[in-house]
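Below, chain A is the first sequence line, B the second, and so on; all start at residue 1. Small disclaimer: the values here were computed from a predicted structure and weren't measured. Atoms considered below: every heavy atom in the structure, side chains included; atoms not considered: hydrogens, waters and symmetry mates.
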Amino acid sequence: MSKPKRYWMMKSEPDAFGIDDLERVGTEPWNGVRNYQARNFMRDGMREGDGVMIYHSNCKVPGIAGIARVASAAYPDETQFDATSKYFDEKASREQPRWFLVDVAFERKLKRLIPLEEIKTHTDQLGEGFALTAKGSRLSVFPVTSAQWELLLSLE
DNA sequence: GCCAACGTTGGC
DNA sequence: GCCAACGTTGGC
């Protein structure tokens, strides 16, 4: 009996790395997350095979762009050790890594981008606490319930 | 480009 | 431990 699948949303700026980039590379180490809550979700919550919605942020039409899946267990983000990386963290060491990531594998693009504007009209069903639309929330990695997942996909 | 909201840092 | 200052996020 397999464990129940979990669902997540991960934000990305399409100018930096969007769903088209993920499609091209296939699988990508989701590096650069430097928020403890987001890290904890990746490190402690994610399991290989979990579903991921890829959200495009900080762009002309923000919204959900595609579906991916968690493709590895969590492991240390290499960029924290790289002094030439913008994600370098001088307080991190290989003995005591601070930042973790998972590999994310492309599954498919949505038939159309589901705009944030439209998602907001379903707040009553998604719940006030849904991190994507919760006031002031800037989390870039957060859980999605199966009910939320299905509702969002039904908008496609 | 603006700016509100947030998370982190560091002085005290 | 408080909290002001700062840097970042991300919609608009």
| request: Answer yes or no: is there an ion pair linking A/Arg39 with A/Asp77, defined by an N-O contact shorter than 4.0 Å? | output: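 Not counted as a salt bridge, because no side-chain N and carboxylate O are separated by less than 4.0 Å.
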| message | Taking A/Glu156 first and then A/Lys109, would you say they form a salt bridge - that is, a charged N and a carboxylate O separated by under 4.0 Å? | response |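 Salt bridge absent between A/Glu156 and A/Lys109.
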| said: Categorize A/Lys60 for me: base, sugar-phosphate, or nothing, with a 4.0 angstrom heavy-atom threshold over every strand shown. | reply: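 Nothing, no heavy atom under 4.0 Å.
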| message | Parallel, tilted or perpendicular, judged at 30° and 60°: which one describes the rings of A/Phe130 and A/Phe142? | response |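 Perpendicular, since the angle between the ring planes exceeds 60°.
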| field | 5'-most by nearest nucleotide on DNA chain B - A/Asn58 or A/Lys135 | value |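 The residue whose closest nucleotide sits nearer the 5' end is A/Asn58.
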| field | Nucleotide range of DNA chain B lying under 4.0 Å from chain A heavy atoms | value |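 Nucleotide range in contact with chain A: B/dA5 to B/dG10.
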| query | Are the side chains of A/Lys135 and A/Glu128 in touch, meaning some heavy atoms are under 4.5 Å apart? | reply |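 No, side chains not in contact.
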| message | Quick one, A/Ser57 and A/Glu13 - any side-chain contact, counting heavy atoms below 4.5 Å? | response |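 Of all side-chain heavy-atom pairs linking A/Glu13 with A/Ser57, at least one is under 4.5 Å.
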